[in-house]
Participant: 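Structure provided below as structure tokens; questions to follow.
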Amino acid sequence: EPEVTQTPSHQVTQMGQEVILRCVPISNHLYFYWYRQILGQKVEFLVSFYNNEISEKSEIFDDQFSVERPDGSNFTLKIRSTKLEDSAMYFCASSEQGMGETQYFGPGTRLLVL
Amino acid sequence: GENVEQHPSTLSVQEGDSAVIKCTYSDSASNYFPWYKQELGKRPQLIIDIRSNVGEKKDQRIAVTLNKTAKHFSLHITETQPEDSAVYFCAAHSGNTPLVFGKGTRLSVIA
């Protein structure tokens, strides 16, 4: 069964540094998402992406964040200048259709900002 | 915007007993309600979902019920097993708005 994959599984960075988290959505899916989960808390929506542009974003997704689909398979989340409070698990997800359809999650990238 | 409340935050049951987790939502336009299971350190995995045009859906030991009037939906797990131990998240979706998740329920099944 196809799965969403993410790299790296863990990332440690210094405050103020840029990080890029990578995702490969399921190949026939058209909608892509990034979520964040701070340790012990609920999953929070960051952004959705369709047809090479952002379709929705949350208040968390401020100017420090950006997303890109640089080629036909990868979907990336960039944090320009990391803050301590960006430490969290970041999940990528994809769905065949829109947000009201089943979303399949990747294994996550655990980001630690020191 | 949508707000999803989930109860209880923790639940312990004896193996073989049933577990029920309840969620309420605020947006009456919400029409899609998935449940995700998340084992420690792993990805959320969809276990069952329901749409607003049905009141109940069942898949083996797992069932979900939806009460649109009261704006709540529940996850029922029967004959619980130790491998059911995990954090369970409900979520709600309306139109083109993002999925909004509840805070999760940590289920422990005691052998």
Side-chain angles (χ1 to χ4, degrees), chain A residues 1-7 9-10 23-26 29-51 53-61 67 88-110 112, chain B residues 1-10 21 23-27 29-54 57 59 62 64 66 73 86-107:
Chain A
E1 185 177 332
E3 288 188 330
V4 176
T5 59
Q6 288 183 244
T7 54
S9 57
H10 294 79
C23 168
V24 178
I26 294 173
H29 286 187
L30 302 178
Y31 293 79
F32 316 121
Y33 315 88
W34 283 101
Y35 291 88
R36 179 183 81 175
Q37 186 178 34
I38 294 170
L39 188 64
Q41 298 187 23
K42 67 176 176 179
V43 177
E44 298 175 290
F45 170 78
L46 292 178
V47 65
S48 61
F49 192 85
Y50 169 71
N51 200 26
E53 60 182 29
I54 290 172
S55 50
E56 293 286 337
K57 61 181 181 178
S58 71
E59 293 174 350
I60 304 168
F61 194 87
V67 289
M89 181 74 97
Y90 289 81
F91 291 104
C92 173
S94 69
S95 64
E96 199 169 345
Q97 299 295 328
M99 280 187 268
E101 301 297 323
T102 301
Q103 295 184 26
Y104 295 88
F105 281 72
T109 293
R110 184 168 295 285
L112 178 61
Chain B
E2 177 66 275
N3 182 46
V4 176
E5 298 286 339
Q6 184 171 348
H7 300 281
S9 56
T10 60
I21 303 170
C23 288
T24 60
Y25 60 98
S26 60
D27 187 350
S30 287
N31 55 15
Y32 174 62
F33 307 93
W35 284 90
Y36 284 85
K37 174 184 179 181
Q38 187 179 29
E39 296 177 38
L40 189 63
K42 297 196 175 179
R43 75 185 80 194
Q45 290 201 302
L46 181 78
I47 54 171
I48 196 166
D49 57 13
I50 192 167
R51 297 190 183 276
S52 58
N53 58 344
V54 298
K57 184 176 177 181
D59 183 4
I62 295 172
V64 57
L66 171 65
F73 57 112
V87 179
Y88 291 81
F89 291 96
C90 64
H93 163 79
S94 163
N96 285 320
T97 61
L99 272 182
V100 176
F101 284 81
K103 290 187 176 180
T105 296
R106 183 174 300 279
L107 173 65

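Every chain is numbered from 1 and lettered A, B, ... according to where its sequence line falls, protein lines coming before strand lines.
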Participant: Taking salt bridge (charged side-chain N to carboxylate O under 4.0 Å, His left out) as the cut-off, I'd like each qualifying pair that reaches into residues 89-107 of chain A, sequence neighbours left out, listed once.
Facilitator: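 As it turns out, the salt bridge (charged side-chain N to carboxylate O under 4.0 Å, His left out) pairs with a partner in residues 89-107 of chain A, which skip direct neighbours, are A/E101-B/R51.
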
Participant: Is the shortest heavy-atom distance from the side chain of A/Q37 to the side chain of B/F101 under 4.5 Å?
Facilitator: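 A/Q37 vs B/F101: side chains apart.
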
Participant: Using the test side-chain hydrogen bond (donor to acceptor under 3.5 Å, both in side chains), find all partners of A/Y35 that sit at least two apart in sequence or belong to another chain.
Facilitator: A/Q103

Participant: Can you tell me which portion of B/L46 sits under 4.5 Å from chain A's heavy atoms? Options are side chain, backbone, both or neither.
Facilitator: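 Contact with chain A involves the side chain of B/L46 alone.
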
Participant: Once ring pair (Phe, Tyr, Trp, His ring centres under 6.0 Å) is applied, do any residues pair with B/Y32, and if so which ones, sequence neighbours excluded?
Facilitator: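 In terms of ring pair (Phe, Tyr, Trp, His ring centres under 6.0 Å), with neighbours along the sequence ignored, B/Y32 is linked to no residue.
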
Participant: If you define the side chain from C-beta out and look only at heavy atoms, does anything of A/E3 sit under 4.5 Å from B/R43?
Facilitator: yes

Participant: Between B/Q38 and chain A, with a heavy-atom cut-off of 4.5 Å, which part of the residue counts as in contact: side chain, backbone, both or neither?
Facilitator: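 The side chain, not the backbone.
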
Participant: Taking side chain as everything from C-beta outward and backbone as N, CA, C, O, which of these in B/K103 sits under 4.5 Å from a heavy atom of chain A? Side chain, backbone, both or neither.
Facilitator: both

Participant: Using non-hydrogen atoms and a limit below 4.5 Å, what part of residues 40-48 of chain A faces chain B?
Facilitator: A/Q41, A/K42, A/V43, A/F45

Participant: B/P44 versus chain A, heavy atoms under 4.5 Å apart: side chain, backbone, both or neither?
Facilitator: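 Both parts, heavy atoms under 4.5 Å.
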
